[in-house]
Amino acid sequence: MSETNPAAASEVAAPHRYTAAMAVDIEARWQDFWDAEGTYAAPNPKGDLAGDPAIVARPKKFIMDMFPYPSGAGLHVGHPLGYIATDVFARFQRMTGHNVLHTLGFDAFGLPAEQYAVQTGTHPRVSTESNIQNMKSQLRRLGLGHDRRRSFATIDPEYYKWTQWIFLQIFNSWYDTEADRARPIAELIAQFETGERAVPGADGTTRAWQELSGAERADVLGEYRLAYASDAPVNWCPGLGTVLANEEVTADGRSERGNFPVFKAKLRQWNMRITSYADRLLDDLTELDWPEAIKLQQRNWIGRSEGARVDFPVDGENITVFTTRPDTLFGATYMVLAPEHPLVDKFTPAAWPQSTHDVWTGGHATPTEAVAAYRAQAGAKSDVERQAEAKDKTGVFTGAFATNPVNGERLPVFIADYVLMGYGTGAIMAVPAGDQRDFDFARAFELPITCIVEPTDGRGTDTSTWENAFGSYDAKIINSSNDEVSLDGLPVAEAKARITEWLARKGIGQGTVNFRLRDWLFSRQRYWGEPFPIVYDEDGTARALPESMLPLELPEVEDYSPRTFDPDDANTSPETPLSRNADWVNVTLDLGDGPKKYRRETNTMPNWAGSCWYELRYLDPHNSEQLVDPEIERYWMGPREGQPHGGVDLYVGGAEHAVLHLLYARFWSKVLFDLGHISSAEPFHKLYNQGMIQAFVYRDSRGIAVPAAEVEERDGEYYYAGEKVSRLLGKMGKSLKNAVTPDEICAEYGADTLRLYEMAMGPLDVSRPWDTRAVVGQFRLLQRLWRNIVDEATGEITVTGAEPDEETLRALHKAIDGVRHDLDGLRFNTAIAKVTELNNHLTKSRGSLPRAIAEPLVLLVAPLAPHIAEELWRLLGHTESVVHQDFPVADPAYVVDESVTCVVQIRGKVKARLEVSPSISDEELEKVALADEKVVAALEGAGIRKVIVRAPKLVNIVPA
RNA sequence: GCCGGGUUGGCGGAAUGGCAGACGCUGAUGUCUCAAACACAUCUGUCCGAAAGGACGUGCGGGUUCGAAUCCCGCACCCGGCACCA
């Protein structure tokens, strides 16, 4: 503790001064009081949390944080920034006539908890629960007004019972594209049974539902279910020993967690058909009050692009490509398929066509050999390597030729890893003149380049002289006609429309919309996650457990560690920890058709599952019959004026969840909405991203971080143990030795000071560096506030019954007005500045502060520093908590000043200041301004060309 | 490369077309004190000046306007996101 810390100052002279010791005492007492009284309990309209109908009748506010992941490291001061902000806002809303739901749960399944458990040798449940307890006590110390009755952790079986239940809802539904919503799978089966919907068979044939075996029916339904298992190329991360969703793989092809290489591997995994919702996920963004940056990230992630599908015949098959530029069809000179494209095997001939170019064969004796070799080579590449080599195009000729449907030209068909199986159809027509990638490939493989747009940059139409592709949208199309259609001379948009129409008429293509978004890979080879409520019968058909068997609890096991591998070894495959427990895996169950033997699914759900719907469980956390009671859900989440899709009123959290949690949660909401379980089609109406609290990192000459708390500053240089160190702004954390914990700040100044400091540092959405030395400023504010109301020697309040003077009333009401607007707009920093200004003003009347000023002052402070406000409110003689008092309302008569300062400018430069009435007229003000001696002097007798008057604040004179 | 956000005193920041620097930190001086700390008071953008006062000033260059930190155009730098997506 530093000697200059006023919070630690001697108490001898002033036994009732607001010190750290007093703050700690006050805060502990009020925290106990709030817990005992249930001060923050928000009443539901019905059920076990029902309460005062008068409060239920108020407008509701559901104010939420992104719930924390309880790590072993504990909190640093950066973590609670958002929690404090939502708490201040929730308190303000409570004081302005709202029924406020504000609570906090814990997101506790997932990789980090499991890794921590493996490292420490404790079971993840043990370590996670102790972390939660630790975090709960750290958060309680901050005085957050949470309704603790509504808190839970995602690892509670009573919670994940419903996570599993939602999985079953998704598993047991399909997307009806005509109705544009999800429907129960039973309704699809009914359509198949009655013949209302044809049962699709292989190659476009149809079958009779009644003639199918159970396994065949399961296969058919698997093509429709919104949760389905499939064999597909997935992101396999040997270093973590699990597969990952696309959203969990970084741009450079590594795992977001652990930074290990990720490989493509074909594995049977569970997926969620989020792609069915691509359009709605995109369209509904419009109505949400979210930061534009986040909306944009979601739009980019969904990646809608309009174009056409076109069929290219090859050897009795059709290669279907997706293109956004069907207008360039005449420029296609070859085709490329993704190496793993299923058609490749069908048309690859036994021998190379005559006189096949050596560059094309890759030196292999047969096409089959060449294809196999290229596939092996491409498969062994991690995404990191693939992207690093992006400029050097590789590939191999398949030996087959396709026909360009617009001009009958023979196009050699290649496979190359620059075409991705997961996007579009996994096949492209290559137009080297217009696309840089195709151009690079064409040059590498000596393929022709046909010019189909008139270059506008003077390069000419001889493509042999080109150094790069020419893809301008503004150019004119040339060389693009056949007997039936001509695009020559048309601008791009028109050419697209004309050729698409022609393709459709000929039945060889159609306009289509393609999305970048892919289905969500939903299974992980982990122990610490929700088990799937799925078993397999002897045919290997997946069967859903009935609701009565939920929750399917994680078995207590000895060995929960994941099987990990050499991070660079692609020739590995995942092993699920749960599969090691034969007793648990092999069960005899009665699923309605008598006891039978089954094998349990041994994958677990990804850690996102629990956070996909937790806002709903806060509403009705103890309901054992339903996920959430519909009436309670409608009360807190339902659509209303300005919120057509309903949702949480304010959701605060970090921007890093832009396309992970926030997209998944929206998807689950929409499914539950479609199935009629909830009334809100969007989970979060208003989203706000708080900035990060940064901290200085000090490094010695070897680049190793040194303890920031022990660094000394001398003349702008920094020294640690006598050695000069460098300073950079970075993240706060243990590894960088610059973590400051809320516990130490609470001990040194109290939680109210910490809350004020975090809110006063700057705008909530901006990152800013922590500065422990500056915390004292907010402590001084509270100390002055205390001293303005309480006698430091006696502890008695010093307020008087006197009428406040006019000037003080104006200061008070201006502060009330400003603070109200600032709190409402989440501008906590300027709200605190206004409180400070008022409080500083009141130090003049210390010892005789009128009660009519002191009381609203305490109420103004209450959302920001609730403990000291409760204490002062009690000292002022009130017996009820300050939490439910009405926030002061400004009297407009006092919000305007008695006189205002008007500036008089000449050519925009201030030359004089006048004290005038706020109601002065333009004419009067102009007269006064022109008569002012300083103005007359500054004008030096020059004539006046123009006078701009903005009464009562400004006059600007333009001399002739 | 593409997209988004930003750049204001010694520091965090305020002002979103009308007094640049609210509020806080830091620093200086004074009052109180035996002394210090705390508290209180005054000052604290730069330059010139003893002062009064004046000039300059919101990343850089231009523009619009009676008036620009704020709007427009161009540039530099910083931060974030996306990227072989056909």
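Please read these numbers as outputs of a predicted model, since none were measured by experiment. A, B, ... follow the sequence lines: proteins, then strands. Residue 1 opens every chain.
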Completion exercise
Quick tally for nucleotides 62-67 of chain B: nucleotides whose base has a protein heavy atom under 4.0 Å get B, sugar-phosphate-only ones S, the rest -, giving ----BS

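- For A:Thr798, the side-chain hydrogen bond (donor to acceptor under 3.5 Å, both in side chains) criterion is met by no residue, not counting sequence neighbours.
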Nucleotides 42-45 of chain B: which of its N/O atoms have a protein N/O under 3.5 Å away?
none

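- Using P as the reference atom, B:U26 and B:A76 are 40 Å apart when rounded to the nearest Å.
- Rounding to whole angstrom units, CZ of residue A:Arg780 and P of B:A37 are separated by 13 Å.
- Taking only side-chain nitrogens and oxygens, A:Arg787 never comes nearer than 4.0 Å to OP1 or OP2 of B:C38.
- Note on residues 819-844 of chain A: no pairs pass ring pair (Phe, Tyr, Trp, His ring centres under 6.0 Å), not counting sequence neighbours.
- For A:Lys934 and A:Asp932, the salt-bridge test fails: no basic side-chain N is under 4.0 Å from an acidic carboxylate O.
- Between A:Asn840 and B:G24 there is a side-chain polar atom (N or O) within less than 4.0 angstrom of OP1 or OP2.
- With sequence neighbours excluded, the residues satisfying side-chain hydrogen bond (donor to acceptor under 3.5 Å, both in side chains) with A:Tyr334 are A:Tyr418.
- Judged by atom type and distance alone, A:Lys834 does not reach the base of B:C23 through any side-chain donor-acceptor pair under 3.5 Å.
- Looking at A:Asn404 and A:Phe330, their side chains never come closer than 4.5 Å, going by heavy atoms from C-beta outward.
- Using a 4.0 Å cut-off on heavy atoms, the residues of residues 824-833 of chain A that approach RNA chain B are A:Asn829, A:Thr830, A:Ala833, listed by number.
- When the salt bridge (Lys or Arg N to Asp or Glu O under 4.0 Å) test is applied to A:Arg945, no partner is found at least two apart in sequence or on another chain.
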Between protein and nucleotides 8-12 of chain B, what N or O pairs are separated by less than 3.5 Å?
residue	atom	partner	partner atom	Å
B:G12	O2'	A:Met761	O	2.8

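- Between B:U64 and B:G53, the distance separating the two C1' atoms is 34 Å to the nearest Å.
- OP1 or OP2 of B:G4 has not a single side-chain nitrogen or oxygen of A:Gln297 nearer than 4.0 Å.
- Every residue two or more places apart in sequence or in another chain that forms a salt bridge (Lys or Arg N to Asp or Glu O under 4.0 Å) with A:Asp822 is listed here: A:Arg827, A:Lys834.
- Between the CZ atom of A:Phe779 and the C1' atom of B:G24 there is a distance of 15 Å, rounded to whole Å.
- If you check distances only, the side chain of A:Arg299 never reaches the base of B:C3 with a donor-acceptor pair under 3.5 Å.
- The side chain to side chain contact (heavy atoms under 4.5 Å, CB included) check on A:Leu930 picks up A:Glu926, A:Ile944, A:Ile957, with sequence neighbours excluded.
- Partners of A:Leu729 under the side chain to side chain contact (heavy atoms under 4.5 Å, CB included) rule, at least two apart in sequence or in another chain, are A:Gln694, A:Phe696, A:Pro769.
- Considering only residues two or more places apart in sequence or on other chains, A:Thr843 meets the side-chain hydrogen bond (donor to acceptor under 3.5 Å, both in side chains) condition with none of them.
- For the pair A:Leu81/A:Leu764, a side-chain contact is recorded, criterion being any heavy-atom separation below 4.5 Å from C-beta on.
- Rounded to whole Å, atom P of B:C82 lies 22 Å from atom CZ of A:Arg304.
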